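Numbers restart at 1 for each chain; the letters A, B, ... are given by sequence-line order, proteins then strands. Predicted, not measured: the structure shown is a model, and the values here were computed from it.
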Protein chains: 2
Amino acid sequence: MPQPPANNLFAGIPEEIQDEVIEVLLKTPGFHLERVISAGQATPPGQWYDQESHEWVVLLSGAAGLLFEGEVEVRVLRPGDYLLIPAHRRHRVAWTDPVQKTVWLALHYRDSAA
Amino acid sequence: MPQPPANNLFAGIPEEIQDEVIEVLLKTPGFHLERVISAGQATPPGQWYDQESHEWVVLLSGAAGLLFEGEVEVRVLRPGDYLLIPAHRRHRVAWTDPVQKTVWLALHYRDSAA
């Protein structure tokens, strides 16, 4: 009796991506887990993410540059690299891999869940 | 000014592993996130995991076979494969890759967080 295959984080990736593709994999009142696919997108110049939630994020394929406000140097993320972005820690995606798709797994959570 | 590198899920993997290596990456009262490294380990014959928490798990390297109680066929997991194991859904790890290390990311959470 064949079992239903598991879902795969690297499956179902569109060939052409205009904007980042965000898919919620799991959602509870305390957190939500997303797959994000980037294809060369970056945060528009001068814009910063300023999030209500904490974000634990891991890059699984491709590459990206992440800049935190007040820092000079962009942090380069390669597959397997993960970090925690505290709520309201302003940051921007400086660049993502223009050739290979960049797949992220992002866990957003609030202190109320903590 | 060089920035501290991000941590990497594939770094710091011991060459020799007797038992599975479990490392808590993030912990709140509502959930905890673990990296698990297997090197050929399996759940002892006749034993089942029966967990209080739900577990969302993704296999990131290596391979594994997961058997759920009441199912005949082992589900084979390859890199990127993920699934949700509801609390008290009895299951066992039938096998893990005997050659390459198997790296898992596991998110354990309770309904109280939901």
Those residues of [range], ordered by number, that approach chain B below 4.5 Å (heavy atom to heavy atom):
range	value
residues 79-86 of chain A	Pro79(A), Gly80(A), Asp81(A), Tyr82(A), Leu83(A), Leu84(A)
residues 94-106 of chain A	Leu105(A)
residues 48-59 of chain A	Trp56(A), Val58(A)
residues 8-22 of chain A	Asn8(A), Leu9(A), Phe10(A)

Practice prompt. Consider only side-chain heavy atoms of I, L, V, M, F, W and Y, link residues closer than 4.5 Å, and tell whether Val74(B) and Val93(B) are in one cluster.
Written response: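 No: no chain of side-chain contacts under 4.5 Å links Val74(B) to Val93(B).
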
Worksheet entry | In one Ile/Leu/Val/Met/Phe/Trp/Tyr side-chain cluster, 4.5 Å: Leu60(B), Ile37(A) |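 Leu60(B) clusters together with Ile37(A).
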
Worksheet item: Would Leu107(A) and Phe31(B) satisfy side chain to side chain contact (heavy atoms under 4.5 Å, CB included), going step by step from the backbone distance to the final call?
Response: CA-CA 11 Å; Leu107(A) 177 63; Phe31(B) 67 83; 3.7 Å; yes

Discussion item. As an exercise: rank Leu66(B), Leu25(B), Leu26(B) by heavy-atom pairs under 4.5 Å with chain A and give me the winner.
Written reply: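 With the most close heavy-atom pairs to chain A, the winner is Leu26(B).
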
